[in-house]
Amino acid sequence: MEQSSNFIRTIIKQDLETGKRDHVITRFPPEPNGYLHIGHAKSIVINFGLADDFGGKTNLRFDDTNPLKEDQEYVDSIKEDVSWLGYEWDELHYASNYFDEMYDRAVLLINKGLAYVDDLSADEIREYRGTLTEPGKESPHRSRSAEENLDLFERMKKGEFADGSKVLRAKIDMASPNLNLRDPVLYRVSHATHHNTGDTWCIYPMYDFAHPLEDAIEGVTHSLCTTEFEDHRPLYEWVVRECEMDMQPQQIEFGRLNITNTVMSKRKLKQLVDEQHVDGWDDPRLPTISGMRRRGFTAEAIREFVKETGVSKGSGVVDSAMLDHFVREDLKLKAPRTMGVLRPLKLVITNYPEGEMEWLDAEINPENPEMGTRQIPFSREIYIEQEDFMEEPPKKYFRLFPGNEVRLKHAYFVKCEDFIKDEDGNVVEIHCTYDPRTKSGSDFNERKVKGTIHWVDATHAVPAEFRLYEPLILDSEEEDEEKTFLDYVNEKSLETLNGFIEPNLQNIDAQEKLQFFRHGYFNVDPKHSKPGKPVFNRIVSLKSSFRL
RNA sequence: UGGGCUAUAGCCAAGCGGUAAGGCAACGGACUUUGACUCCGUCAUGCGAAGGUUCGAAUCCUUCUAGCCCAGCCA
């Protein structure tokens, strides 16, 4: 596929052409404090994709500098998700493996008079920082001697001070219009057990100090991140320069991915999970990689979607219809096409001999003949879709109604002769006659029908559960300061139906994807599907220009 | 009201002084044993606005407007 140009690709290309760089190394640096979502997938596709395009390499690096929030469980799931998305990292690293070197660099800063130990409390530091429009003021501890700072910092490391009692700060400029440069905290005391280093450390580096060092240590040439870090770039460069690292990685920022009718922040996703609006991090309605995988989205579709939405610095919102498009596109030739009735209505073919049945040949995917054919049973009683019959049809309704004839996919023409209602007035059974001459595959062409409907033979039908999803977040009209995203949670985002499928699907494997004729693409739910009683998640419906 | 960033169609997005790519959506039409797919066609005299420079401006300059991000010992 033709690679569309984007500003980062242009920069890298130039760097290579001008000789600024002679190779490319990128990295995907997640913090193992939660599950990956499709926003991370964008970062993954960009980092791995770009490096690959230029013959470079990409590392997976866990940015594990805050033991309070991180856990091995997350590093495992992140690795799984990156692999599932189809990428192989060159080197696997942990920021925590660099703690010794980071400590040494901090000592260097102290010796250069560029860092100091501060005794101010968190609240005081905030007050001293000033505001967006007013400069901050210097801490009374700012002018401690290097010797004193060295001593204090070493004692911080040894565990002599309580959490929050002391921090190491960079000495930059308390009056900078960029708040990140107002003597940012470099190290904090935290007597916490780290998932990787255990209790070796009780001081941990902050992101702004750690990240540039990690990149420089690994020789990352292009450090790609999202736009909210733009303000941090001067600090990033300050750290690499003043810590006298051998090479200077270049930080480049791109806009986050947003998609309509969903939420992308870890905080909001966590809230949806914690408050049980959804059923866990892998709920098929969530944009988490695990949720999308369970819903049935393919890695290929996610990758293509991300590529097509592009890379820019803008903060736009991509229409979820584009995501839908790429799954349909990917599954079109791969997924078997079969018949499933989600809302069953019995249909009796009155002129089909009782007790008889036949096996019909049916192609598995007419757009991909190599997938072959299957046999499906047919007899006097079948199930059709409730919405495929109307007692009083509107104009341009091509399906069944009294006197109308339709084609049963892979079978015969049937004509509606009668129907039965229950006491409540609901249609419960349709009576039709069929024309044996119209069998699928025959050359019958004496008359045509406008509609073709799907069905499942009643005596062989296998019960199945279907789960249909709607957007988790409803459209919000005008902005309302009073409301939060929780006010727009769609409480009807999941609809569960019980219907029937063809018998050959009875023991279908988890994560198998298929198209139910005229409905859409479905995935076999890995958690709740069982042999003999499959559960299907609708990934996406088919497009439809039909409107009642 | 300090700093950083962004404005190209309903949405995403190319374009980098030579006369507005592409994708999604939408809308016509053809085909159709999926109201699907496929195919054909339509969809910015216009690039946030107003000035200016130039033979020529989405691209350069000026001013304005709107939106996003920043005051964690989170990343």
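No hydrogens, no waters, no symmetry mates; every other heavy atom, side chains included, goes into these values. Within every chain, numbering begins at 1; the chains are lettered A, B, ... in the order of the sequence lines, protein sequences first and strands thereafter.
Applying the Watson-Crick and G-U wobble criteria (two distances, each under 3.5 Å), B:G67 pairs with B:C5. Pair check for B:A20 finds none; no Watson-Crick or G-U wobble contact set falls under 3.5 Å. Here B:A25 sits opposite no nucleotide as a Watson-Crick or G-U wobble pair (both hydrogen-bonding atom distances under 3.5 Å). Pairing partner, B:A50: B:U62, with both Watson-Crick or wobble hydrogen-bond distances short of 3.5 Å. Across all strands shown, B:U32 has no partner, as no Watson-Crick or G-U wobble contact with both distances under 3.5 Å is found. Both distances falling under 3.5 Å, in either a Watson-Crick or a G-U wobble arrangement, occur for no nucleotide opposite B:C73.
With sequence neighbours left out, A:Asp64 forms a salt bridge (Lys or Arg N to Asp or Glu O under 4.0 Å) with no residue at all. Legend: residues meeting ring-ring contact (aromatic ring centres under 6.0 Å, His included) with A:Tyr116, ordered by chain and number and at least two apart, are absent. For A:Lys166, the salt bridge (Lys or Arg N to Asp or Glu O under 4.0 Å) partners two or more places apart in sequence, or in a different chain, are A:Asp119. Partners of A:Arg188 by salt bridge (Lys or Arg N to Asp or Glu O under 4.0 Å), not counting sequence neighbours: none found. Every residue two or more places apart in sequence or in another chain that forms a side chain to side chain donor-acceptor pair (under 3.5 Å) with A:Arg256 is listed here: A:Glu228. With sequence neighbours excluded, the residues that form a side chain to side chain donor-acceptor pair (under 3.5 Å) with A:Thr193 are A:Asp199. Residues meeting the salt bridge (Lys or Arg N to Asp or Glu O under 4.0 Å) test with A:Lys270, sequence neighbours left out: A:Asp274.
Remark: the A:Glu230 side chain and the A:Thr227 side chain contain no N/O donor-acceptor pair separated by less than 3.5 Å. One side chain, A:Glu73 or A:Tyr35, offers a donor N or O that lies under 3.5 Å from an acceptor on the other.
Residue A:Ser544 places none of its side-chain N or O atoms closer than 4.0 Å to OP1 or OP2 of B:A36. The side chain of A:Ser190 contributes no N or O atom lying less than 4.0 Å from OP1 or OP2 of B:C73. Residue A:Arg399 has no polar side-chain atom (N or O) positioned under 4.0 Å from OP1 or OP2 of B:G35. Taking 4.0 angstrom as the limit, A:Arg188 places a side-chain polar atom (N or O) nearer than this to OP1 or OP2 of B:A75. Taking side-chain N and O atoms only, A:Lys332 has a distance below 4.0 Å to OP1 or OP2 of B:U38. Applying the 4.0 Å criterion to OP1 and OP2 of B:A71, one finds that A:Arg182 has every side-chain N and O outside that range.
Here the separation of B:A57 from B:A36, taken at their C1' atoms, is 46 Å to the nearest Å. Between B:G15 and B:U6, the distance separating the two P atoms is 14 Å to the nearest Å. Taking the P atom of each, B:U1 and B:C64 are spaced 11 Å apart, rounded to whole Å. Taking atom C1' on both B:A58 and B:U53, the two are 16 Å apart, rounded to the nearest angstrom.
At a threshold of 4.0 angstrom between heavy atoms, the contacts of A:Tyr397 include nucleobase atoms, whether or not backbone atoms are also involved. Looking at heavy-atom distances under 4.0 Å, A:Val449 makes no contact with the nucleic acid at all. Using a 4.0 Å heavy-atom cutoff across all strands shown, A:Leu120 reaches at least one base atom of the nucleic acid. Among the heavy atoms of the strands lying under 4.0 Å from A:Lys313 are primed sugar atoms or P, OP1, OP2 only; no base atom is included. As judged by a 4.0 angstrom heavy-atom cut-off over every strand, A:Ala321 is placed among residues touching the sugar-phosphate backbone only. Using a 4.0 Å heavy-atom cutoff across all strands shown, A:Gly441 reaches at least one base atom of the nucleic acid.
Shown are A:Lys13, A:Lys307, A:Arg9; of these, the salt bridge (charged side-chain N to carboxylate O under 4.0 Å, His left out) with A:Asp53 is made only by A:Arg9. Results of the side-chain contact (heavy atoms from CB on, under 4.5 Å) test with A:Met264 over A:Val317, A:Ile38, A:Leu269, A:Thr288 single out A:Ile38 as the only residue that passes.
For residues 28-41 of chain A, proximity to RNA chain B is found at A:Glu31, defined as any non-hydrogen atom under 4.0 angstrom from a strand atom. In the region residues 127-142 of chain A, proximity to RNA chain B at under 4.0 angstrom, judged on heavy atoms, holds for A:Arg129, A:Thr131, A:Leu132, A:Thr133. For the contact set between residues 65-73 of chain A and RNA chain B, defined by any heavy atom under 4.0 Å, the members are A:Thr65, A:Asn66, A:Lys69.
Separating the CZ atom of A:Phe516 from the C1' atom of B:G35 is a distance of 20 Å, rounded to the nearest angstrom. For the pair A:Asp324 CG and B:A25 C1', the computed distance is 11 Å after rounding to whole Å. Separating the OH atom of A:Tyr204 from the P atom of B:G72 is a distance of 23 Å, rounded to the nearest angstrom. Look at CZ on A:Phe229: it is 9 Å from P on B:A75, rounded to the nearest Å.
Nearest to the side-chain atoms of A:Glu367 among the listed nucleotides B:G35, B:C24, B:A36 stands B:A36. Distance from the side chain of A:Glu228 is smallest for B:C69 among the nucleotides B:G3, B:C69, B:C73. Of the candidates B:G4, B:C68, B:U6, B:G4 carries the atom nearest the A:Glu230 side chain, counting heavy atoms from C-beta on.
Between the OH atom of A:Tyr397 and the NZ atom of A:Lys450 there is a distance of 14.5 Å, given to the nearest 0.5 Å.
Base orientation for B:G29: anti, the chi torsion being more than 90° from 0.
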Which atom pairs, one a donor and one an acceptor, fall under 3.5 Å between side chains of residues 405-413 of chain A and the rest of the protein, sequence neighbours left out?
{"from": "A:Glu405", "atom 1": "OE1", "to": "A:Arg447", "atom 2": "NE", "distance (Å)": "2.7"}
{"from": "A:Glu405", "atom 1": "OE2", "to": "A:Arg447", "atom 2": "NH2", "distance (Å)": "2.8"}
{"from": "A:Tyr412", "atom 1": "OH", "to": "A:Glu358", "atom 2": "OE1", "distance (Å)": "3.0"}
{"from": "A:Tyr412", "atom 1": "OH", "to": "A:Glu358", "atom 2": "OE2", "distance (Å)": "2.8"}

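More than 12 heavy atoms of other residues, nucleotides or ligands lie within 6.0 Å of CD in A:Glu17, so this atom counts as buried by the packing criterion.
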> Can you list the steps and then say if A:His211 with A:His232 is a side-chain hydrogen bond (donor to acceptor under 3.5 Å, both in side chains)?
Replying inline: CA-CA 11 Å; A:His211 206 88; A:His232 296 243; over 6 Å; no
>> Between A:Ser121 and A:Glu124, is the side-chain hydrogen bond (donor to acceptor under 3.5 Å, both in side chains) condition met? List the steps.
In response: CA-CA 5 Å; A:Ser121 70; A:Glu124 289 168 325; 3.2 Å; yes
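Side-chain atoms of A:Asn33 never come within 3.5 Å of backbone atoms of A:Glu70 as a donor-acceptor pair (strictly under, hydrogens ignored).
Position along RNA chain B of the nearest nucleotide to A:Asn365 versus A:Ile125 favours A:Asn365 as the more 5'-ward residue. Of the two residues near RNA chain B, A:Gly316 and A:Asn180, the one whose nearest nucleotide lies more 5' is A:Gly316.
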Output a table of nitrogen or oxygen pairs between the protein and nucleotides 16-23 of chain B separated by less than 3.5 Å.
{"from": "B:G23", "atom 1": "O4'", "to": "A:Glu308", "atom 2": "OE2", "distance (Å)": "3.2"}

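On a pure distance criterion of 3.5 Å, a polar donor-acceptor pair joins the side chain of A:Asp231 and the base of B:G3.
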